[in-house]
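One structure below.
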Amino acid sequence: MNNPRIDWSGHDELTPRHVAFIMDGNGRWAKKRALPRTFGHTSGAMRVRAIVERCVERGIPFATLFAFSSENWKRPAEEVSALMSLFVLYLEKEVKDMDNNGVRLKVIGDTSRFDARLQTLIRQAEEKTAHNTRITLTVAANYGGRWDMLQAARRWQADHAGIAGAEMDEEALKPYLSMAYAPDPELVVRTGGEARISNFLLWQSAYAELFFTDVLWPDFSVAEFDRALSWFAAKDRRFGAVTAKVAG
Ligand code: IPE
Ligand code: IPE
Ligand code: MG
């Protein structure tokens, strides 16, 4: 168990406690329909609610979405700006419903690069939903796994002035990582056909099961998600050992 503060006693071992999604394929989805890429992003954003609801139904207490990577700034300015507007719109529209539905929203990533309005909306959304306990939905925005490890090391160092770096071990660093409040993702789902991590939760997904599907994110259905969960349930998770922790 990665997080001793959470009581997992009622949790089914065949269901992941934390599923992280790399929501890829929005651009290709739009291209197939001769639409601008931004239409793909809008359609993709509309899939989120059904998937989060399915997590709740399946008893998954943590869901994390990769919405914008630290490398996505390399995209054309119009696309970056459309993605930022979509994020603003999403926060303005969805937070009230999230709150009513027991969703605690968290945002991880270097948000200091966002404009002031978006930063304020993020802070307000996190504050408004902080008391909710049904599910924790984390949105990774301007997030990179390498950035996360670096910021953790820097913050550890700032808190431990004069202490040798050799004192920093895995347990010491963990509280400084941006998802310290969650157990590590046990299942990472990537849509869009690519079998790569693209600098997502590098530290946290060290032992995650990786599910890659060709389905493009705007087409990612509850049925396809259920297929990922069945695939996960059949896995023999050995964690480097010989014996099976979970009988498949
Ligand atoms: C993923 O879809 C969404 C973001 C990276 C913001 P893409 O925009 O990467 O879609 P493809 O991979 O070009 O189809
Ligand atoms: C990963 O998708 C990032 C997000 C889903 C936010 P990308 O489309 O940016 O990844 P690459 O470029 O194919 O590795
Ligand atoms: Mg992509």
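Because the structure is predicted, anything quoted here is derived from the model rather than measured. One-based numbering, in listed order, for ligands and for the atoms of each. Side chains are part of it too, since the values below use all heavy atoms of this structure and drop only hydrogens, waters and symmetry mates.
Rounded to the nearest 0.5 Å, atoms CD1 (I122) and CD (Q119) are 7.0 Å apart.
Nearest protein heavy-atom contact of atom 6 (C) of ligand 1 is A67 O, 3.2 Å. Of all protein heavy atoms, the one lying nearest to atom 7 (P) of ligand 1 is D24 OD1, 3.5 Å. With hydrogens left out, the protein atom closest to atom 1 (C) of ligand 1 is M23 O, 2.9 Å, a heavy atom. Residue, atom and distance of the protein heavy atom nearest to atom 11 (P) of ligand 2 are S198 OG, 3.6 Å. Of the protein's non-hydrogen atoms, the one nearest atom 9 (O) of ligand 2 is N72 ND2, 2.9 Å.
Only the side chain of R75 comes within 4.0 Å of ligand 1, judged by heavy-atom distances. Heavy atoms of E194 found under 4.0 angstrom from ligand 1: none, in either backbone or side chain. Counting heavy atoms closer than 4.0 Å to ligand 2, residue R190 contributes side-chain atoms (C-beta onward) but none from N, CA, C or O. By the criterion of a heavy-atom distance under 4.0 Å, neither the backbone nor the side chain of F200 is placed next to ligand 2. Residue contacts with ligand 2 for A140 are absent, since no atom lies close enough (heavy atoms, distance under 4.0 Å). Contact annotation for S69 and ligand 1: no heavy atom of the residue comes within less than 4.0 Å of the ligand.
For a threshold of 3.5 Å applied to N or O pairs, the pair formed by W29 and ligand 1 contains no separation below that value. Distances between N or O atoms of G27 and those of ligand 1 include at least one value under 3.5 Å. Annotation: R37 places an N or O atom under 3.5 Å from an N or O atom of ligand 1; distance criterion only.
Using a 4.0 Å cut-off between charged side-chain N and carboxylate O, D24 and R28 make a salt bridge. Ion pair E126/R123 not flagged as a salt bridge, since none of the NZ, NE, NH1 or NH2 atoms sits closer than 4.0 Å to an Asp/Glu carboxylate oxygen.
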Notebook entry, point to check: What's the verdict on side chain to side chain donor-acceptor pair (under 3.5 Å) for D148 and Q204, showing C-alpha distance, side-chain angles and the deciding distance?
Noted result: CA-CA 10 Å; D148 196 358; Q204 298 86 342; 3.0 Å; yes

Check: Would D184 and W203 count as a side chain to side chain donor-acceptor pair (under 3.5 Å) if you check the C-alpha gap in whole Å, the side-chain angles of each, and the deciding distance to 0.1 Å?
Finding: CA-CA 9 Å; D184 287 342; W203 175 292; 5.4 Å; no

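Ring pair F220/F225 is tilted by interplanar angle, where 30° to 60° counts as tilted.
Inclusion of E194 in the first shell of the Mg ion (ligand 3) is not supported: no N, O or S atom falls under 2.8 Å.
For the pair R134 (side chain) and V56 (backbone), a donor-acceptor distance under 3.5 Å is absent.
Cation-pi check for R227 over W231 is not met; the charged atom does not lie both under 6.0 angstrom from the ring centroid and within 45 degrees of its normal.
A heavy-atom separation below 4.0 Å is found between R196 and ligand 2.
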